[in-house]
Amino acid sequence: MKELNKRLYGLNDLLILLFGFIFISLVAIYNAQQLEQYGGENFLLKQMFWFVLGLVLIGLIQLIDLGTIHFLSFYLYLAGIFLLVILYFSPEAIAPEINNAKSWFRIGGITFQPSELVKITTIVYLASTISKHKEKHKNKNVKNDLKLLLKLILIGVFPVGIIILQPDFGTAMVYLAITGGIIFLSGINWKIISSAILFFVLAVGMIGMMVVKFPDFTQATLHIAPYQMDRIETWLGFSESDADDSFHFKRSILAIGSGQLTGKGISNSEVYIPEAQTDFIFSIIGETFGFTGCAIVILLYFLLIFKLVSLGLKIHQNNEFGAFICFGYLILLFIHTFQNIGMTIGVMPITGIPLLLISYGGSSVLSAMIGYALIIKVNSEQARMDNSLFR
């Protein structure tokens with residue numbers, strides 16, 4: 001019984017955290033829909049459906065061996081890229097422009113954003129590539145490290161290139177962050193990493209300068225939509241207009257600030273915020289539960305990130321594939337959390353990046369829970385190894 005309890009401990013903490021996120025999400029979405037932005041549409045019921053489906057997927061993924069996922073990683077990645085290409089060439093009837101971007105399939109009343117799912121397949125393939133490379137090249141040298149760097153960059157570039165064409169600049173930046181973070185953690189020679197970081201900083205600096213000095217050229221070259229340029233300029237303080245992006249900032253900060261220490265409580269939302277159930281769900285949490293509620297949400301993310309770090313470091317020597325799935329999901333979670341919360345309090349530009357496991361949205365919820373399922377799988381397989389009779 002002791003051994004069984006030990007094996008289940010790692011699984012229990014992940015499930016407790018997951019149900020914590022689900023509870024907060026449902027309560028926040030219930031409160032957000034009281035604003036009746038979309039004619040009283042029942043987002044709560046839809047979100048419950050996506051969470052139930054996500055839990056079913058978590059159960060099904062536990063039936064698949066981690067080695068099988070490792071073997072299928074390339075095909076999963078290829079299928080994801082194929083979906084993005086199909087989306088790009090699809091007619092308006094099944095791939096309409098929503099929020100100035102062609103990022104969703106719409107079939108009947110269901111919308112699906114492939115780029116959310118491809119984040120997970122890309123993480124899995126990056127993890128698989130690192131694992132296979134290190135198995136093949138036992139002797140670490142500059143030549144082998146350069147080979148690995150090139151492989152990882154190519155894996156990250158394909159989805160980024162297609163997503164920029166949609167255009168969805170915010171999601172493309174998430175892919176770059178995932179690829180860059182995994183490269184940084186991959187064990188590649190620090191001199192090569194330093195050179196890559198320097199190149200990246202110079203590239204970002206150049207893009208920033210182009211946005212400020214040559215906005216029209218930047219918009220055309222990088223396929224940045226006009227509204228995205230407005231958001232960047234508003235964030236940088238170059239735009240003093242009362243545009244939609246400025247309105248979003250003001251309403252979000254007003255909602256969070258009005259919640260004070262403990263919030264106004266459920267069904268007492270007073271501040272109208274566009275996209276309250278998706279992009280600005282954290283603002284709703286701030287108004288409903290105040291500083292206390294916001295702190296609890298951040299604490300939940302911290303605990304999950306801590307779990308991912310400790311699990312990844314623990315298994316790194318014996319299971320690099322599983323470790324880099326943990327690290328990749330950690331980077332994805334951190335980027336989404338930092339960007340989404342940051343934009344609601346005005347320290348980051350506004351993007352359509354959701355707050356993972358809390359924001360409303362079928363594609364986001366299912367993709368995040370598939371990633372979570374992989375973490376549970378990695379954790380449970382490690383627990384089995386720890387308690388093996390032959391250890």
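This structure is a prediction, so every number in the text was calculated from the model and none was measured. Atom set for the values below is all heavy atoms of this structure, side chains included, hydrogens, waters and symmetry mates excluded.
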Please determine whether side-chain contact (heavy atoms from CB on, under 4.5 Å) holds for the pair I296 and T292, giving the CA-CA distance in whole Å, both sets of side-chain angles, and the decisive distance to 0.1 Å. CA-CA 6 Å; I296 289 171; T292 305; 4.2 Å; yes

Side chain S25, main chain I358, donor-acceptor under 3.5 Å: yes

With hydrophobic residues grouped by side-chain heavy-atom distances under 4.5 Å, do I183 and W190 end up in a single group? no

Closest approach of T344 and S252, non-hydrogen atoms and distance? O-OG, 2.5 Å

For the residue pair H137 and H133, categorise the inter-ring angle as parallel (less than 30°), tilted (30 to 60°) or perpendicular (more than 60°). tilted

Are more than 12 heavy atoms from other residues, nucleotides or ligands located less than 6.0 Å from atom CZ of F112? yes

Please give me the minimum heavy-atom distance between T122 and P159, naming the atom from each residue. OG1-CG, 4.2 Å

State, yes or no, whether a side-chain contact exists between F327 and L308 at a heavy-atom distance under 4.5 Å. no

Please answer: with hydrophobic residues joined when any side-chain heavy atoms are less than 4.5 Å apart, are Y30 and V52 in the same cluster? no

Contacts satisfying salt bridge (Lys or Arg N to Asp or Glu O under 4.0 Å) that involve residues 100-127 (not counting sequence neighbours) are E116-K119

Atom OG1 in T121, atom CG in L83: separation rounded to 0.5 Å? 8.5 Å

Please check this pair: side chain of Q62 against backbone of A373, looking for a donor-acceptor N/O pair closer than 3.5 Å. yes

Can I64 be reached from L57 by stepping across I, L, V, M, F, W or Y side chains whose heavy atoms are under 4.5 Å apart? yes

For the side chain of S310 and the backbone of K307, is there at least one donor-acceptor N/O pair under 3.5 Å apart? yes

Could you walk me through whether L374 and Y329 satisfy the side-chain contact (heavy atoms from CB on, under 4.5 Å) test, starting with their C-alpha distance in whole Å, then the side-chain angles of each, then the deciding distance to 0.1 Å, before giving a yes or no? CA-CA 9 Å; L374 294 174; Y329 194 73; over 6 Å; no

Under 4.5 Å between side-chain heavy atoms, hopping through other hydrophobics if needed: is there a path connecting V378 to F71? yes

Within the side chain of T129, is there an N or O that forms a donor-acceptor pair under 3.5 Å with the backbone of Y125? yes

Could you please spell out the steps behind the side chain to side chain donor-acceptor pair (under 3.5 Å) verdict for Q339 and T351? CA-CA 8 Å; Q339 168 59 35; T351 62; 3.1 Å; yes

Paired with V271, the side-chain contact (heavy atoms from CB on, under 4.5 Å) test is passed by just one of I256, I284, L254, namely L254

Taking atom OG1 of T179 and atom CD1 of I155, what is their separation to the nearest 0.5 Å? 8.5 Å

Parallel, tilted or perpendicular, judged at 30° and 60°: which one describes the rings of F321 and H70? parallel

Nearest-0.5 Å distance, CD of residue Q382 to CG of residue N318: 6.5 Å

Plane angle bin for Y301 and F21 - parallel if under 30°, tilted between 30 and 60°, otherwise perpendicular: tilted

More than 12 heavy atoms of other groups within 6.0 Å of Q317 CD: no

May I ask you to decide if R251's main-chain N or O and Y272's side chain share a donor-acceptor pair within less than 3.5 Å? no

Is it the case that the side chain of E381 and the backbone of L66 share a donor-acceptor pair, with hydrogens and angles ignored and the cut-off at 3.5 Å? yes

Please find the pair of heavy atoms, one from Q113 and one from S363, that lie closest to each other, and give the distance. N-OG, 2.7 Å

Does M48 have more than 12 heavy atoms from other residues, nucleotides or ligands lying within 6.0 Å of its CE? no

Taking atom CG as the centre, does L150 end up with more than 12 heavy-atom neighbours from other residues, nucleotides or ligands that are less than 6.0 angstrom away? yes

Between D279 and I353, does the side-chain contact (heavy atoms from CB on, under 4.5 Å) criterion hold? Intermediate values first, please. CA-CA 7 Å; D279 299 349; I353 294 174; over 6 Å; no

Interatomic spacing from CG in L146 to CD1 in I188 - rounded to 0.5 Å: 8.0 Å

Taking side chain as C-beta onward, heavy atoms only, is W104 less than 4.5 Å from P96? no

How long is the span from the CD1 atom in I58 to the CD1 atom in I375, to the nearest 0.5 Å? 11.0 Å

State, to 0.1 Å, how close H316 and A323 come at their nearest heavy-atom pair, and which atoms those are. CA-CB, 3.8 Å

Working for side-chain contact (heavy atoms from CB on, under 4.5 Å), residues F105 and S90: CA-CA 9 Å; F105 285 112; S90 293; 3.6 Å; yes

I'd like to know if the side chain of Q277 and the backbone of Y360 have a donor-acceptor N/O pair within less than 3.5 Å. no

I193 and F184, any side-chain heavy atoms less than 4.5 Å apart: yes

Quick check: do I178 and I335 have side-chain heavy atoms less than 4.5 Å from each other? no

For the pair S258 (side chain) and E287 (backbone), establish whether a donor and an acceptor sit closer than 3.5 Å, ignoring hydrogens and angles. no

Test of understanding: clusters of I, L, V, M, F, W, Y form through side-chain heavy atoms closer than 4.5 Å, transitively. Do F306 and F19 belong to the same one? no

With rounding to the nearest 0.5 angstrom, report the CZ to CG distance, F158 to L78. 10.0 Å

side-chain hydrogen bond (donor to acceptor under 3.5 Å, both in side chains) against N31, all qualifying residues, sequence neighbours excluded: S269, T288

Note: A32 and I281 closest approach over all heavy atoms is CB-CD1, 4.4 Å

Can a donor-acceptor pair be found, under 3.5 Å and without considering hydrogens, that links the side chain of Y372 to the backbone of L357? no

Shortest non-hydrogen contact from A127 to F324? CB-CB, 3.6 Å

Main-chain N/O of S364 paired with S367 side-chain donor or acceptor, under 3.5 Å: no

